[in-house]
**Student:** 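What follows is a structure written as structure tokens; I'll ask about it next.
Note that ligands are numbered from 1 as they come in the structure, with each ligand's atoms numbered from 1 the same way. All values below come from the heavy atoms of this structure, side chains included, with hydrogens, waters and symmetry mates left out.
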Amino acid sequence: MVAKKPRVVIVGAGVAGLTAAHRLCAAGGDRFEVTVVEASARAGGRVLTSEFAGHRVEMGATWVQGIDGSPVYALARDAGALGDPDLLPYERMDGFPDRVLTVAEGGEVIDAERVARPIEELYRGMMDAARAGEASGGGGVEAYLRRGLRAYQALRAGGGVGKEQEEVEDALLAMHINRERTDTSADDLGDLDLAAEGEYRDFPGEHVTVPGGYSRAVEHLVAALPQGTVRLGLRLRRLDWGEAPARLHFADGAPALAADHVILTVSLGVLKASLGKDASAAGGIVFDPPLPQFKREAVARLGFGVVNKLFMELEPVMPAAGPEGGGGGGVNDDEDRPPPDFPFLHMAFRGHAPAAKVPWWMRGTESICPVHAGSSVALAWFAGREAAHLESLPDDEVVRGVQATLDSFLPAPRGRSRWRVKRIKRSRWATDPLFLGSYSYVAVGSSGEDLDRMAEPLPRPGAPGADECRVLFTGEATHRTHYSTTHAAYLSGAREAERLLQRYR
Ligand SMILES: Cc1cc2nc3c(=O)[nH]c(=O)nc-3n(C[C@H](O)[C@H](O)[C@H](O)COP(=O)(O)OP(=O)(O)OC[C@H]3O[C@@H](n4cnc5c(N)ncnc54)[C@H](O)[C@@H]3O)c2cc1C
């Protein structure tokens with residue numbers, strides 16, 4: 001008689017789910033019956049490579065955050081994604097820009113050496129200290145940074161820089177705070193736990209983008225699985241996990257599945273939506289029995305923010321030949337000069353400048369930068385309220401908001417524009433019911449221990465059936481030190497596959 005194989009159903013075909021499937025199929029030999037159910041019509045989850053204006057762009061995961069020892073870098077290499085087979089220009093193909101132009105609202109260029117760089121160094125030094133666990137004062141990150149700026153200004157007080165420079169410095173710190181908001185996804189840095197920042201780790205080495213596209217790495221994982229392992233278009237609505245086998249019920253009347261082990265990889269956003277009374281209507285999963293208290297509390301306490309990317313195609317406005325033959329105040333007033341490349345524009349919003357047309361949601365972005373030097377495609381990152389609001393706006397309103405911002409920071413004579421926004425493309429992670437946000441952070445009131453609780457299987461040790469590992473949890477929000485990244489997703493998928501491999505050893 002052939003022994004029945006343990007049936008493993010993995011919910012979600014993002015990096016975590018596909019890594020778990022890959023490990024179980026590769027290392028497990030033929031020991032498991034593995035199915036990956038994915039609600040959408042594609043694999044990849046928050047990894048989504050796309051094209052815009054002749055460029056390869058990432059709508060989700062963008063950077064491999066440290067290449068030395070990173071399993072995601074190794075995966076991209078194995079997938080052949082570290083070369084660009086289509087020779088498409090891609091984001092940051094030339095690495096980090098080393099020359100930025102920092103401008104205050106209204107168009108005044110901020111002195112890099114005297115003002116912008118010292119504040120950047122102060123900010124970087126403080127965040128490095130926080131991440132090395134050396135920050136003092138407790139509370140949230142924003143208060144910590146503002147304390148640092150006040151101390152810096154007080155120390156220098158004898159030197160007597162004017163109030164105006166202090167205002168610019170405040171605006172510069174706010175600019176870096178906006179950067180930190182997109183890096184962490186915390187809407188309000190006051191809500192980002194300082195102690196947990198000391199636990200977060202990237203891999204060592206360079207941060208790089210993926211020439212052939214991040215999605216290629218995902219496709220590589222899918223291709224390595226036995227045919228038919230990934231089943232698209234199956235949305236889990238209800239999970240009955242009280243006794244073995246667990247039963248998975250899907251939307252649209254798709255037949256239920258039974259599983260000895262369910263590996264859940266859905267985002268923390270989807271899990272948060274699962275806590276409410278009407279989980280199903282909120283986009284969540286109905287758990288029967290409900291998730292135990294410790295798990296519910298960890299899900300509720302941890303932060304899951306919104307980060308969106310806005311790509312825009314820009315064209316220089318050519319000077320119109322006036323009746324006197326002079327330029328019309330476009331990019332140059334000298335018609336013979338070719339228009340310069342769009343700068344790596346860092347923006348210090350002062351809030352009271354004359355250009356009141358800049359909408360509030362543009363004020364939450366740190367920069368508008370070409371995706372590589374000389375590119376006509378520029379990118380702005382948004383976090384929190386601004387990122388969520390961006391999703392609700394029609395294209396023409398977004399274009400108007402960006403245009404007003406460009407006109408304020410890079411003004412041309414006689415109120416004309418130097419750059420025109422031709423078209424845009426943006427991500428919409430908050431309103432997508434399969435994500436309900438972008439990535440996780442440790443909120444004030446939570447801690448790294450909640451990330452560990454997220455990773456605990458059910459039933460919990462000590463409860464009846466605890467040895468069964470009936471429901472396992474993976475995904476970026478289950479990794480204590482790498483949360484929020486693709487490598488957290490990868491490592492957590494490998495961790496839960498290993499748990500099952502050990503169980504059946
Ligand atoms: C804008 C943005 C920028 C980012 N930048 C970076 C970066 O530069 N570097 C980096 O390392 N990371 C970055 N990330 C984070 C990274 O993309 C994620 O951490 C990682 O991809 C998460 O993978 P996962 O497998 O844990 O979850 P997901 O990718 O969310 O996979 C979960 C899957 O579950 C599916 N699903 C959801 N609900 C159901 C259901 N009910 N039934 C069935 N299937 C369901 C979803 O469709 C999805 O495919 C970024 C993310 C965003 C949004």
**Student:** Over 60° means perpendicular and under 30° means parallel, so tell me whether W361 and H389 are parallel, tilted or perpendicular.
**Tutor:**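 Tilted, since the angle between the ring planes falls between 30° and 60°.
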
**Student:** Taking E180 first and then R131, would you say they form a salt bridge - that is, a charged N and a carboxylate O separated by under 4.0 Å?
**Tutor:** yes

**Student:** Could you tell me whether some N/O pair between V307 and ligand 1 is separated by less than 3.5 angstrom?
**Tutor:**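 No, since none of the N or O atoms of V307 sits under 3.5 Å from an N or O of ligand 1.
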
**Student:** Contact between N308 and ligand 1, counting heavy atoms under 4.0 Å?
**Tutor:**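 It does not, in that no heavy atom of N308 comes within the 4.0 Å cut-off of ligand 1.
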
**Student:** Any luck finding a side-chain donor-acceptor pair between Y200 and T481 under 3.5 Å?
**Tutor:** no

**Student:** Within 45 degrees of the ring normal and closer than 6.0 Å to the centroid, is that where the cationic atom of R46 sits relative to Y439?
**Tutor:** no

**Student:** Which one holds for Q65 and ligand 1: side chain close, backbone close, both close, or neither close, with close meaning a heavy atom under 4.0 Å?
**Tutor:**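 It is the side chain that gets close, since no backbone atom is under 4.0 Å.
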
**Student:** Residue-level breakdown please: for W429 versus ligand 1, do any non-hydrogen atoms fall below 4.0 Å on the side chain, on the backbone, on both, or on neither?
**Tutor:**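 Only the side chain of W429 comes within reach of ligand 1.
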
**Student:** Can you list the residues that meet the ring pair (Phe, Tyr, Trp, His ring centres under 6.0 Å) rule with Y123, with sequence neighbours excluded?
**Tutor:** H176

**Student:** Note the single closest protein heavy atom to atom 6 (C) of ligand 1, along with its residue, its atom name and the distance in Å.
**Tutor:**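 Result for atom 6 (C) of ligand 1: A61 CA, 3.4 Å.
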
**Student:** Does the N or O separation between T486 and ligand 1 drop below 3.5 Å for any pair?
**Tutor:** yes

**Student:** What protein heavy atom sits nearest atom 48 (C) of ligand 1, and how far away is it?
**Tutor:**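 Here the closest protein heavy atom is E38 OE1, 3.5 Å.
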
**Student:** Per the side chain to side chain donor-acceptor pair (under 3.5 Å) rule, what does the pair list look like for residues 71-82, sequence neighbours excluded?
**Tutor:** none

**Student:** Pairs of nitrogen or oxygen atoms closer than 3.5 Å, one from V270 and one from ligand 1: do any exist?
**Tutor:** no

**Student:** Can you report which non-hydrogen protein atom sits closest to atom 29 (O) of ligand 1, along with the distance?
**Tutor:**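 For atom 29 (O) of ligand 1, the nearest protein heavy atom comes out as R46 N, 2.8 Å.
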
**Student:** Indicate, as side chain, backbone, both or neither, the part of S484 found under 4.0 angstrom from ligand 1 when only non-hydrogen atoms are considered.
**Tutor:**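 It is the backbone that gets close, since no side chain atom is under 4.0 Å.
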
**Student:** Would you indicate whether R42, at its atom CZ, is surrounded by more than 12 heavy atoms from other residues, nucleotides or ligands within a distance under 6.0 Å?
**Tutor:**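 More than 12 heavy atoms, drawn from other residues, nucleotides or ligands, come within 6.0 Å of this atom.
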
**Student:** Give me the residue, atom name and distance of the protein heavy atom closest to atom 42 (N) of ligand 1.
**Tutor:** L236 N, 2.9 Å

**Student:** Which atoms of ligand 1 are found less than 4.0 Å from any heavy atom of V266?
**Tutor:** 36 (N), 37 (C), 38 (N), 39 (C), 45 (C)

**Student:** Between E391 and R428, is there a side-chain N and carboxylate O pair less than 4.0 Å apart?
**Tutor:** no

**Student:** Check the angle between the aromatic planes of F96 and H207 and answer parallel, tilted or perpendicular using the 30° and 60° thresholds.
**Tutor:** tilted

**Student:** Looking at ligand 1, is there an atom of it that comes within less than 4.0 Å of some heavy atom belonging to M59?
**Tutor:**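 M59: in contact with ligand 1 (<4.0 Å).
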
**Student:** Is S427 close to ligand 1, meaning an N/O of one under 3.5 Å from an N/O of the other?
**Tutor:**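 By distance alone, the answer is no.
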
